[in-house]
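Report on one structure; see the data block that follows.
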Amino acid sequence: MTKTIHILNGPNLNLLGKRQPEIYGHATLEDVAKDCAAVAADFGLSVELRQSNHEGQIVDWIQEARERAAAIVINPGALTHTSVAILDALNTFEGPVIEVHISNIHKRESFRHHSYVSLRAEGVIAGCGVEGYALAVRRVATLLAG
Ligand code: DHK
């Protein structure tokens, strides 16, 4: 059976392409889903991309991923910097986790420099624009190949 990578996105990322394009660019989440699906297909993998503005929904999706996903790529948006609940949920997941930030969070306000999710993630990609998602999928493919 084809292994699936769940690509989870947090608050405000539904506005990707419209929101502060000078920081987050012009591509939409739909564009991201297409790019990631193409890269995943090269490795015989599939992707499922979701977005929610609600912390509890993301926790529920991480728990669902325990049963259904081989790996998680996650951009928790602002919840990166605040959510112990998302970290705790990720700590129940057994496969690889790659954290993605479109912007370089280390070049921005100091409150964006800390990530709870990084305590769990195998890898972190920041500042590569939306290309970071496809890079994360590529990395997941390497990790799944063992
Ligand atoms: C996205 C957000 O919404 C911010 O709250 C984070 C992240 C950075 C990004 O760069 O993708 O601080």
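Just follow the structure's listing: the first ligand is 1, and inside any ligand the first atom is 1.
Residue Thr80 does not touch ligand 1, judged by heavy-atom distances below 4.0 Å. When heavy-atom distances to ligand 1 are checked against a 4.0 Å cut-off, Asn12 has no atom that comes that close, whether in backbone or side chain. In Val100, neither the side chain nor the backbone holds a heavy atom less than 4.0 Å from any atom of ligand 1.
With salt bridges taken as basic N to acidic carboxylate O contacts below 4.0 Å, none links Arg120 and Glu99. Look at Glu64 and Arg66 and you find no salt bridge, because none of the NZ, NE, NH1 or NH2 atoms lies under 4.0 Å from a carboxylate O. Salt bridge status for Arg138 with Glu131: absent, with no side-chain N to carboxylate O gap under 4.0 Å.
Donor-acceptor pairing under 3.5 Å is recorded for the side chains of Gln51 and Asn53.
Side chains of Ile72 and Ile98 form no contact here, defined as non-hydrogen atoms less than 4.5 Å apart. Counting heavy atoms from C-beta on, the side chains of Asn9 and Leu49 come closer than 4.5 Å.
The residue among Arg19, His101, Glu99 with a heavy atom at the shortest distance from atom 3 (O) of ligand 1 is Arg19.
Among all non-hydrogen protein atoms, the one lying nearest atom 4 (C) of ligand 1 is Arg112 NH1, 3.3 Å. Protein heavy atom at the shortest distance from atom 10 (O) of ligand 1 is Ser103 OG, 2.6 Å.
Within ligand 1, the atoms closer than 4.0 Å to a non-hydrogen atom of Ile105 are 8 (C), numbered from 1 in the order shown. Annotation for ligand 1: atoms under 4.0 Å from non-hydrogen atoms of His81 are 6 (C), 12 (O).
Close N/O approach between Ile102 and ligand 1 is found [any backbone or side-chain N/O within under 3.5 Å].
Between His113 and His106, the ring planes lie tilted relative to each other; the angle falls in the 30° to 60° range.
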